[in-house]
Amino acid sequence: MTDASLSLRPMALRSPLRRALLWRGGLVTAVFAAPILIALALPETGPAVNALTRNLPPSVAHPFGTDALGRDMAARSFAALAVSVKVGLFAAILSTALAVGLGLAAALDRRLDRIVGVLTEMALGLPHFVLIMLVAYAAGGGIWGVVFGVGLTHWPRLARVLRYEAQTVAVADFVTVSRALGRSPLWIARHHLAPHLLPQVVAGFVLIFPHAILHEAGLSFIGLGIPPHLPSIGVILSESLRGILAGHWWVALFPGLGLMIVALSFELFGETLRRAADPREGVA
């Protein structure tokens with residue numbers, strides 16, 4: 001390694017884009033961990049029902065106010081966000097794993113490539129939320145119904161990107177040389193395809209995650225997601241409809257705002273990853 005290359009590395013690390021990536025990465029980590037840590041500190045039975053504190057507006061004792069049963073909305077909101085984060089995490093992992101598997105399969109076999117192409121276009125051509133509802137209902141609803149419903153429907157766009165990238169790498173000269181030397185498809189996938197696809201996989205996962213938690217809230221709102229006795233932003237928003245009509249705006253504002261902050265944080269982080277992986281953005 002030359003002295004010039006060594007001198008360029010600190011410059012790259014000090015670039016505004018890298019600093020923005022580190023800053024947003026810390027922000028997302030904090031947003032991701034805060035609801036879970038707060039939820040772990042709450043009682044397992046959840047916020048207590050108290051008829052004397054029904055429908056109280058935000059105050060020092062109850063920063064997010066209370067609901068129609070006198071439950072503290074701050075505790076309910078953080079517990080619901082923790083559930084949403086966990087469900088979104090499992091769903092995003094499942095969807096990303098499917099996309100990676102199908103993308104690699106399409107690059108290694110022409111017959112599989114045709115099948116993956118047809119499946120991807122079919123999935124993209126179907127009404128998205130309706131498909132999520134059908135899969136979640138077929139899976140029995142509940143937490144795992146939401147995980148399967150979201151995870152089995154969010155893979156097509158990432159799979160199409162990975163399929164194109166994998167096909168581009170598969171016809172490269174170094175892959176041709178590896179095949180001529182007798183390397184197996186699994187060896188090629190591990191040593192050649194995986195390193196080139198990793199940035200797209202990470203960025204795709206980060207972009208799938210906010211969609212997963214938003215769709216989890218949507219399914220819970222219409223009664224096909226998290227059961228009503230468990231904390232969920234969708235359940236809280238569904239229960240808050242009557243409260244809003246009565247002027248109790250806080251029962252919907254703070255849970256919805258928390259969900260929006262979590263989703264937007266991951267959207268920003270995903271956009272930063274995309275820009276960092278794009279050579280046209282540069283490091284200056």
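Each residue takes its place number in the sequence, starting with 1. These values consider heavy atoms only, across backbone and side chains, with no hydrogens, waters or symmetry-generated copies.
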Taking all non-hydrogen atoms of both residues, which atom of [X] and which atom of [Y] are closest, and how far apart?
X: Ala92; Y: Phe205; result: CB-CE1, 3.4 Å
X: Ala217; Y: Leu259; result: CB-CD2, 3.7 Å
X: Phe209; Y: Leu89; result: CE1-N, 3.3 Å
X: Ile208; Y: Ser95; result: CD1-OG, 3.9 Å
X: Ser240; Y: Val251; result: CB-CG2, 3.5 Å
X: Ala105; Y: Leu112; result: O-CB, 3.7 Å

Within one Ile-Leu-Val-Met-Phe-Trp-Tyr cluster: [X] and [Y], side-chain cutoff 4.5 Å:
X: Leu56; Y: Met73; result: no
X: Tyr137; Y: Met133; result: yes
X: Leu224; Y: Phe90; result: yes

Would Phe174 and Val169 satisfy side-chain contact (heavy atoms from CB on, under 4.5 Å), going step by step from the backbone distance to the final call?
-> CA-CA 9 Å; Phe174 54 86; Val169 176; 4.0 Å; yes

Steps toward side-chain contact (heavy atoms from CB on, under 4.5 Å) verdict (Leu197, Val100) = CA-CA 9 Å; Leu197 298 181; Val100 171; 5.9 Å; no

Between Ser238 (side chain) and Val235 (backbone), is there a donor-acceptor pair under 3.5 Å?
->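 No: the side chain of Ser238 does not pair with the backbone of Val235.
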
Using modelled atom types only, decide if a donor and an acceptor are shared between the side chain of Trp250 and the backbone of Thr66 within a distance under 3.5 Å.
-> yes

Residue that, paired with Phe221, satisfies side chain to side chain contact (heavy atoms under 4.5 Å, CB included) out of Leu241, Ile233, Ile236, Ile226 | Leu241

Counterpart residues, side-chain contact (heavy atoms from CB on, under 4.5 Å), relative to Leu126 (two or more places apart) | Leu131

Who are the side-chain contact (heavy atoms from CB on, under 4.5 Å) partners of Arg160, not counting sequence neighbours?
-> Thr120, Glu121, Leu124, Arg157

Inter-residue atom distance [X].[atom1] - [Y].[atom2], 0.5 Å rounding:
X: Ile93; Y: Leu98; atom1: CD1; atom2: CG; answer: 12.0 Å
X: Ile213; Y: Ser232; atom1: CD1; atom2: OG; answer: 11.0 Å
X: Leu69; Y: Glu239; atom1: CG; atom2: CD; answer: 7.5 Å
X: Arg54; Y: His248; atom1: CZ; atom2: NE2; answer: 8.5 Å
X: Leu207; Y: Leu158; atom1: CG; atom2: CG; answer: 9.0 Å
X: Leu219; Y: Glu216; atom1: CG; atom2: CD; answer: 7.5 Å

Pairs satisfying ring-ring contact (aromatic ring centres under 6.0 Å, His included), at least one member in residues 94-134, at least two apart |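 Every ring-ring contact (aromatic ring centres under 6.0 Å, His included) pair that includes a residue of residues 94-134, provided the two are not neighbours, is His128-His154, His128-His215, Phe129-His215.
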
Leu119 vs Trp155 side-chain heavy atoms within contact, under 4.5 Å =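 The answer is yes, as the side chains (C-beta and beyond) meet within the 4.5 Å cut-off.
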
Return a table of donor-acceptor pairs under 3.5 angstrom between the side chains of residues 140-153 and protein atoms on other chains or two or more places apart.
residue, atom, partner, partner atom, Å
Thr153, OG1, Gly149, O, 2.7
Thr153, OG1, Val150, O, 3.2

Kindly give the cluster partners of Met260, where membership spreads through any ILVMFWY side chain lying under 4.5 Å from a current member.
-> Leu257, Ile261, Leu264

So the salt bridge (charged side-chain N to carboxylate O under 4.0 Å, His left out) pairs with at least one residue in residues 162-173 (sequence neighbours excluded) are Asp113-Arg163

